[in-house]
Amino acid sequence: MKAILVREFGGPEVLKLEEVPTPKPAAGQVLVRIHAAGVNPYDTYMRAGTYAIKPPLPYTPGSDAAGVIEAISADVKKVKPGDRVYTAKTVTGAYAQYALALEEQVHPLPERISFGQGAGVWVPYGTAYHALHHAALAQASETVLVHGASGGVGSGAVQMARAMGLTVLGTAGTQKGADLVKREGAHQVFDHSKAGYQEEIMKAAGGRGVDVILEMLANVNLSADLKLLATNGRVIIIGNRGEITINPRDLMLRRASARGFTLWAITPAEEAQIHAGIIAGLEDGTLRPVVGKELPLAEATRAHREILEPGASGKIVLVP
Ligand code: NAP
């Protein structure tokens, strides 16, 4: 089979398409024929060797894929060959024609969701769900600012928060991104590349501030975020690429909190809730992953460059 291999940490060019043996499922494992693999920003940090998790080399990147069960080990009960699934992590990596996964890493992909969309489920929607439900304890009638709403996590969070009954404010850096954020359910959209846009957000929040901020670029926005919070407001720090100075008084005045977040730290009970919540939303149409770009697997290098460029528009997925 064809797979992307990383033999040394480095720039996007270290992603190489190679011919490797197709793996066979061991006990508790399934083999998934991958129809699409999702590209997430953390795939690029891991490839660069700068991420908290540094896999042994060589490795195949990717946790998010959608496809069909090709084979199972005899003890597997949850799925059978032919089932459509999405993956939440794999054993051998998602940027490939086939991947081994543990039985518990595959989940049913509803018929109405395409494979391309299914590749954009786990990290984006898992993050959105965990941030809104577990970290922020967001409630219907509250106001949420999805700060960076045009990408994978943000567009998923907009759909989810809207369905939960929140007032949803979103930001994007391009007109195309803003149109997407509005289409996916934000009540109002702001341009985070425009000077002074925070004042417009405060105005939209009636001067009292927002209850929840899902922050995709904390090193740029955290200081200003704290000033946008209502009393008892919560900033959930999802994305961060550097350092920033904040004034803790901004939190004190509002009895507010800034909470660090990582999807990798979820408990098994939280993970079960996340999948149940996501699958229900995919089934009833409230969650609709947005595929902005499909590229052939051979263009993984390009995908890793483009995922970090401004102008997000949903997910980038690789098609083997
Ligand atoms: P993505 O699809 O590449 O989207 C990036 C988003 O950030 C886009 O909406 C982009 O908007 C926005 N952005 C760019 N400049 C911004 C600014 N100045 N202020 C606010 N937003 C800005 O990435 P993603 O998959 O949604 O992930 C978003 C971030 O969360 C990444 O840093 C990722 O590593 C992180 N993340 C963390 C976890 C965790 O467990 N902690 C889980 C998932 C993701 P424009 O392109 O329109 O400017």
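Starting from 1, each residue takes its place in the sequence as its number. Order of listing sets the numbers, starting from 1, for every ligand and every atom in it.
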Which residue from [options] reaches closest to [atom] through any of its heavy atoms?
atom: atom 24 (P) of ligand 1; options: V181, T171, V153, T262; value: V153
atom: atom 7 (O) of ligand 1; options: M216, E215, E306, Q175; value: M216
atom: atom 36 (N) of ligand 1; options: I316, I238, V220; value: I238
atom: atom 34 (O) of ligand 1; options: F261, Y45, Y42; value: Y45
atom: atom 13 (N) of ligand 1; options: R241, K176, H192; value: H192

Quiz item: Under a heavy-atom criterion of less than 4.0 Å, does A312 contact ligand 1?
Solution: yes
Self-check item: Proximity flag P124 to ligand 1, non-hydrogen atoms under 4.0 Å
Solution: no
Exercise. Report the hydrophobic cluster partners of L253, with the cluster defined as I, L, V, M, F, W, Y residues connected by side-chain heavy atoms closer than 4.5 angstrom, directly or transitively.
Key: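 Members alongside L253: none; it stands by itself.
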Quiz item: Under 4.0 Å from any heavy atom of L217, which atoms of ligand 1 are there?
Solution: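 Selected atoms, number and element: 15 (N), 16 (C), 17 (C), 18 (N).
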Name the atoms and distances for all side-chain donor-acceptor pairs under 3.5 Å in residues 24-35, with sequence neighbours left out.
{"residue": "Q29", "atom": "OE1", "partner": "A26", "partner atom": "N", "Å": "3.0"}

Quiz item: Less than 3.5 Å between some nitrogen or oxygen of P41 and one of ligand 1, yes or no?
Solution: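 P41 vs ligand 1: no N/O contact under 3.5 Å.
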Exercise. Could you check atom 8 (C) of ligand 1 against the protein and tell me its nearest heavy-atom contact, residue, atom and distance included?
Key: S150 OG, 3.5 Å
Quiz item: What residue and atom, counting heavy atoms only, is the protein's closest point to atom 43 (C) of ligand 1, and at what distance?
Solution: T127 OG1, 3.3 Å
